[in-house]
Each structure stands twice: as structure tokens, then as C-alpha cells.
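Numbers here simply count residues along the sequence, with the first being 1. Counting convention: from 1, in listed order, for ligands and their atoms alike. Model, not experiment: these values are computed from the prediction.
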Amino acid sequence: MKHYFLGLAGNYTRKRRLKHIFSIGRKRDCLELEEFLEKKYGGEAVLCKNGRSALALALKSYFNRGDGILVNGFTCYAVYEAIKSAGLVPIFVDIEKSDLNFSVNTLKKALTNSVGAGTSRPATPKGIIVQNTLGNPVDINEIEKFAKKYGLLIVEDLAHCAGVKYSDGREAGTIGVATALSFGKDKSIDTISGGVAILRHPCKNKIEAPTKLPKLSDTLRARFYPLFGAMTRGLTRVRLGGIFMRVLLKLRFVEKSADNKLDLERRIAKFQAKLGLEQLKNLKKSGESPIREFYLINNRDEALKKLKKNGYYLDGFWYEKPVSPERYYKKVHFPEKDCPTSVEVAEKIVNLPTFYSKEELAPARKIIKEYLDDGE
Ligand SMILES: *Cc1c(COP(=O)(O)O)cnc(C)c1O
């Protein structure tokens with residue numbers, strides 16, 4: 001029986017893995033990446049260590065300490081971290097079940113109770129981060145109207161949606177004052193880590209671009225993750241994958257994605273700039289498919305067990321809490337009362353990867369269908 005994985009670099013074929021381990025990047029590759037992105041999105045491209053650093057740099061460039069930022073109430077801790085490190089106040093907005101994004105409806109509600117998470121003082125919203133969750137685009141025309149009406153600057157987070165088009169044909173990343181790309185694990189551009197900020201409008205604050213190269217230990221971890229992922233996937237067949245991964249984490253050969261530090265002094269490694277550029281150039285060919293399919297189901301634990309028995313390891317879904325991972329959730333002080341749909345979705349969501357064929361995933365889809373939430 002073949003096994004299928006949502007995470008553990010399951011999106012890396014053997015060929016891609018070898019290329020990742022052995023590719024050599026040069027300064028020229030970094031310059032080419034910058035040039036390509038500047039042309040594609042229009043603006044100044046700043047190479048960063050990861051997506052959260054890129055987002056923090058973008059936010060710092062356009063907002064002032066204490067400003068409120070409207071943010072999707074179903075997101076990654078990386079986004080929260082970026083907002084906080086820029087000295088801003090996250091205002092979480094409830095989502096719609098249909099696309100896992102906020103809507104003008106939920107945004108309006110958030111404005112009436114816009115108390116920032118973890119504070120008791122209301123923060124004045126000055127910005128809005130558009131996330132296009134899992135590659136599902138927001139209704140950008142409505143969001144733009146809303147932003148204009150309330151004087152909000154739009155920042156686009158492309159971690160899930162590089163290459164995605166909005167319904168009016170414009171591409172994600174070409175709308176806001178700034179755009180942040182992540183090259184992290186399982187993102188739409190995946191070189192295990194890395195990020196780029198694109199400053200599309202004149203900045204309010206001048207933030208120095210990172211100049212240092214990444215630490216050797218971080219670069220080595222990024223180099224070998226696809227290999228360690230493949231070994232773990234292999235060992236899962238003999239039920240040793242879990243133990244092996246725990247050892248790798250203990251030895252710090254592998255780092256959990258959420259623990260990748262935000263750092264505004266360091267940039268992406270040159271080899272990752274090179275591989276990221278290649279993937280960006282291929283985006284057009286691969287079309288506009290979402291990075292993950294999602295289903296809302298009941299009895300998720302039971303469903304996941306059944307899936308596992310059939311060779312589908314899908315427990316790395318996005319997201320298991322409104323702000324994930326679970327181990328950081330408490331820190332966020334998430335306003336569950338204001339975001340009931342986010343809470344519900346986090347309890348019910350499962351994802352299917354999009355890098356396997358329809359046929360390979362058919363049995364998994366069948367199992368998931370048994371558990372589908374009727375209210376969906
Ligand atoms: C993963 C992610 C990021 C950035 O993550 P990094 O690990 O810092 O590259 C940003 N936004 C969203 C929605 C994400 O899921």
C-alpha cells in the first residue's frame with residue numbers, strides 16, 4: 001500500500017529533493033529573484049528569512065506602533081507574530097465557511113467590537129491583511145471598497161496564494177500597498193523556508209533591508225528537511241516515523257515550522273532564492289489551483305484514524321485552532337466569542353493535498369464524504 005502525506009515534504013519528489021539538496025545559489029540568483037518579483041508585482045522586493053519576517057517588515061513600513069490590523073480569524077501563528085513584532089494590534093475577524101476568508105459582513109462586525117486581541121483598549125484599525133486562505137480568493141472588489149471607506153491600507157499575504165487570480169482577473173499580490181511571500185514548508189512557493197516583502201507604494205517608515213545571510217544551522221536544516229521528511233514517511237510504514245521525527249526534533253536537525261524565528265537582519269539563503277525563482281516562473285503553468293482542498297467534517301478524530309488505516313496521513317491540516325499551532329494558541333488571546341465560525345471550522349476542517357492525483361486520493365475522499373458536515 002502506498003502512503004500519502006499532507007506534510008513531511010510529501011510534495012517533494014525524489015528529483016526535486018535531490019535538486020534541493022545539491023543546488024548551489026549565487027548572489028546573481030538573489031538579484032534575479034528581486035528583479036523578477038519587482039516586475040511581477042511592481043514595487044521594491046526585499047529578501048527576508050521567512051514569511052513572517054517579510055510580513056513584519058511590510059507592516060513596519062506602512063503602519064505606526066499601536067495601529068490596529070484586521071486579520072483573518074483563521075490563520076497561522078506566524079501572522080500574529082509578525083503583527084506583534086511590528087508593534088501593531090491584531091483585530092481578528094470571523095470567517096465564512098465557504099472560503100475560509102473574512103467577508104465585508106464579518107469585517108463590519110469586527111469594526112463594531114474592534115478591541116485588539118490581548119488588550120482591553122480599542123485599537124483603531126488602519127490596515128487589513130488579505131490572506132486568500134488555502135488559495136481561495138476573497139471578493140477583492142468588495143474588500144477594496146470597504147478598505148477605502150474606512151481608510152485602511154491593504155497588505156496581501158501570499159503564503160497560500162501566490163499565482164492566484166481574483167474574480168476580476170487581477171493577480172493576488174498586485175492590489176495592496178505591500179505583499180508578503182512565504183517560501184516556507186507547504187506554502188504555494190516551497191523552498192522549506194524563506195520570504196520576500198514587496199513594498200509597492202512609497203513607505204511611511206524606512207526599514208533597513210536584511211543584509212546578513214542565514215545562520216549555517218538554519219540553512220542546513222532547510223537543506224535536509226526534504227530528506228528527513230522522506231525518511232520519516234518511509235519509516236511510518238513500519239510505525240517508526242513518529243519516533244524518528246521526535247529524535248530529529250530533539251537533536252534540532254528539524255525545526256517545527258511555527259518555531260522558525262522572526263528575524264529582520266537575515267535574508268533567505270542563496271540556493272533558496274534560486275529555487276524559489278524557478279517555482280515562481282512555473283506558477284503560470286500550474287494554473288490557479290488551491291494549495292489544499294478542504295472539507296468540514298464531524299468526528300474528525302475518528303475520520304483521521306480511518307484515513308490513517310488506509311494510508312492517508314492528513315493530520316497536519318490547516319488549521320487545528322483559529323490561530324495555529326495549538327501550542328501557541330493561548331498566547332494569542334483569541335476572541336472566540338466574536339469569531340464563532342473560525343472556532344467551528346477549526347474543529348471540523350480536514351485538508352487533502354493537491355500534489356497527488358485524483359485517483360490516488362479517491363479512497364481518502366470517499367472516507368471523508370462519510371463524515372461530511374451537513375450544515376456545510
Ligand atoms: C505560513 C504562513 C505565513 C508565513 O510563514 P513563515 O513560516 O514565516 O514563512 C504567513 N501567512 C500564513 C497565512 C501562513 O500560513
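Considering only non-hydrogen protein atoms, atom 7 (O) of ligand 1 sits nearest to R52 NH2, 2.8 Å. Here the heavy atom of the protein found nearest to atom 14 (C) of ligand 1 is K187 NZ, 3.0 Å.
At least one donor-acceptor pair under 3.5 Å links the side chain of N205 to the backbone N or O of K60.
For the pair D29 and L277, the minimum side-chain heavy-atom distance is 4.5 Å or more.
Atom numbering of ligand 1 starts at 1 in the shown order; those under 4.0 Å from a heavy atom of S182 are 4 (C), 5 (O), 6 (P), 9 (O). Within ligand 1, the atoms closer than 4.0 Å to a non-hydrogen atom of V79 are 10 (C), 11 (N), 12 (C), 13 (C), numbered from 1 in the order shown.
Taking any N or O of D157, backbone or side chain, at least one lies under 3.5 Å from an N or O belonging to ligand 1. At a 3.5 angstrom cut-off on N or O pairs, H160 counts as close to ligand 1. Between Q131 and ligand 1, no N or O atom pair is found at a separation short of 3.5 Å. The distance criterion of under 3.5 Å between nitrogen or oxygen atoms is not met by T75 with respect to ligand 1. Polar contact with ligand 1: absent for A159 (N/O pair, distance under 3.5 Å).
In summary, the side chains of S53 and N50 do present a donor paired with an acceptor at a separation below 3.5 Å, with no hydrogens or angles considered. Between the side chains of N101 and Q131, no donor N or O sits under 3.5 Å from an acceptor N or O. Between Y77 and D259, the side chains place no donor N or O within less than 3.5 Å of an acceptor N or O (distance only, hydrogens not considered).
Aromatic ring centres of F92 and F334 lie closer together than 6.0 Å.
Using a 4.0 Å cut-off between charged nitrogen and carboxylate oxygen, R221 and D218 count as a salt-bridge pair.
With a heavy-atom cut-off of 4.0 Å, Y319 touches ligand 1 through its side chain alone.
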